[in-house]
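Just so we're clear, the structure is a prediction, and the values are computed from it rather than from any experiment. Convention: sequence-line order gives letters A, B, ...; per-chain numbering from 1.
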Protein chains: 2
Amino acid sequence: MKLTSRGRYAVMALVDLARFDTINPVSLRDISLRQGISLDYLEQIFSKLKKNQIVKSTRGTQGGYVLSKKPNEIKLTNILNAVDETVKTVQCKKESKKGCNGKATKCVTHNLWDELENHINTFFDKKSLQDLLKNNTERFN
Amino acid sequence: MKLTSRGRYAVMALVDLARFDTINPVSLRDISLRQGISLDYLEQIFSKLKKNQIVKSTRGTQGGYVLSKKPNEIKLTNILNAVDETVKTVQCKKESKKGCNGKATKCVTHNLWDELENHINTFFDKKSLQDLLKNNTERFN
DNA sequence: ACATACCTGACTAAAATGGTCAAGTTTAGA
DNA sequence: TCTAAACTTGACCATTTTAGTCAGGTATGT
């Protein structure tokens, strides 16, 4: 299972973007400064976000990124999937006919991790960027 | 966040133990063979389980491990904590006065990961070994 | 006494993580 | 048109974690 700082940064950056892109595109440089995330790393992350059509970019001076949908239409699932934070708890391959651990049957815990995966995904499916904005209406920085 | 095969193995092994320890202690060798987990690795895992009083051991011939509580009293939280599968989603330290990422305030997503952590822990708090046994009454191996 | 089984600690190959670095291309505005 | 801001791409890398292995023990029932 993966849930690391790449996913966290992605969410942080998008919340930042949602708050500041009302007029002009937001540059990664600004996000980098406001959120304290390395610019180079942000570029990697936004490359993935763009491929997954979560953000749109404008090049050149005064360029930057904007959200490609409304904050309430962007679920955390979308974001985390985009940056490869796949919530996979099971090492056992579902398709594998051999079952888990090279055994003929599914391992005892197989269903458990499936349940957990659903449990977590449900959480991320419900939460949108909009929800995070609500909780952060106070000024910061 | 960590949730890796060590935790999975621990759960698998304990389910196995719960099913076979009715008369005699169960040797790690047997568990290793039945579950397809390396014996050496199992020993590491059981060392931790023992330290956390989830299992008791008997040495010597015919020795092995037994659960130290009833299956319905052993929650998955207990197991996963014992083998250091701490479900920590937030890199930001809660205590740190400096806030997350060296900023003066909590990062925008701070509460989010807290919520997620609770969400996951709730899941593990509810599930006991007993619950897993129910779903695996059919013979295997 | 000896085989079985627990116990302990050191070690390690491979992968993931969290970045950095370098070399572009594009475009707005002076 | 020139230039600086900003996106784009891909290679690279140090550190940490993972998932074990290996080598030696120690305890104990028969």
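- Atom CG of B:N24 is separated from atom C1' of C:dT4 by 14 Å (rounded to the nearest Å).
- The CG atom of A:L42 sits 11.0 Å away from the CG atom of A:D30 when rounded to the nearest 0.5 Å.
- A:V55 comes within 4.0 angstrom of no nucleic acid atom, judged by non-hydrogen atoms across all strands.
- One finds no side-chain N or O of B:K50 lying less than 4.0 angstrom from the OP1 or OP2 phosphate oxygen of C:dC6.
- A sub-4.0 Å separation between OP1 or OP2 of D:dA6 and a side-chain N or O of A:S57 is absent.
- Protein atom CG of A:L42 is 16 Å distant from nucleotide atom P of D:dT9, rounded to whole Å.
- Contact annotation for B:F46: no contact, since no heavy-atom pair falls under 4.0 Å across all strands.
- Between B:Y41 and B:Y9, the ring-plane angle classifies as perpendicular under the 30° and 60° cut-offs.
- Remark: A:R34 is positioned above the aromatic ring of A:F20, its terminal NZ or CZ atom under 6.0 angstrom from the ring centre and at most 45 degrees off the axis.
- Atom CG in B:L49 sits about 12 Å away from atom P in C:dC7, given to the nearest Å.
- A:T4 has a side-chain polar atom (N or O) that falls below the 4.0 Å cut-off from OP1 or OP2 of C:dG18.
- B:L28 has its CG atom 14 Å from the C1' atom of C:dT8, to the nearest Å.
- Heavy atoms only, all atoms of each residue included: B:Y65 and B:L17 are closest at O-CD1, 3.2 Å.
- In this structure, a donor-acceptor pair under 3.5 Å is present between the side chains of B:D125 and B:T77.
- B:K48 places its NZ atom 18 Å from the P atom of C:dC6, with the value rounded to the nearest Å.
- Considering only residues two or more places apart in sequence or on other chains, B:K48 meets the salt bridge (charged side-chain N to carboxylate O under 4.0 Å, His left out) condition with B:D84.
- The list of side-chain hydrogen bond (donor to acceptor under 3.5 Å, both in side chains) pairs with a residue in residues 50-59 of chain B, not counting sequence neighbours, reads B:K50-B:S57.
- One atom, NZ of B:K51, and another, P of C:dC7, lie 11 Å apart when rounded to the nearest Å.
- Rounded to an integer number of Å, the gap from CG of B:D30 to P of C:dA5 is 7 Å.
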Across nucleotides 20-30 of chain D, 5' to 3', mark each nucleotide with B, S or - according to how protein heavy atoms within less than 4.0 Å reach it. BBB---BBBB-
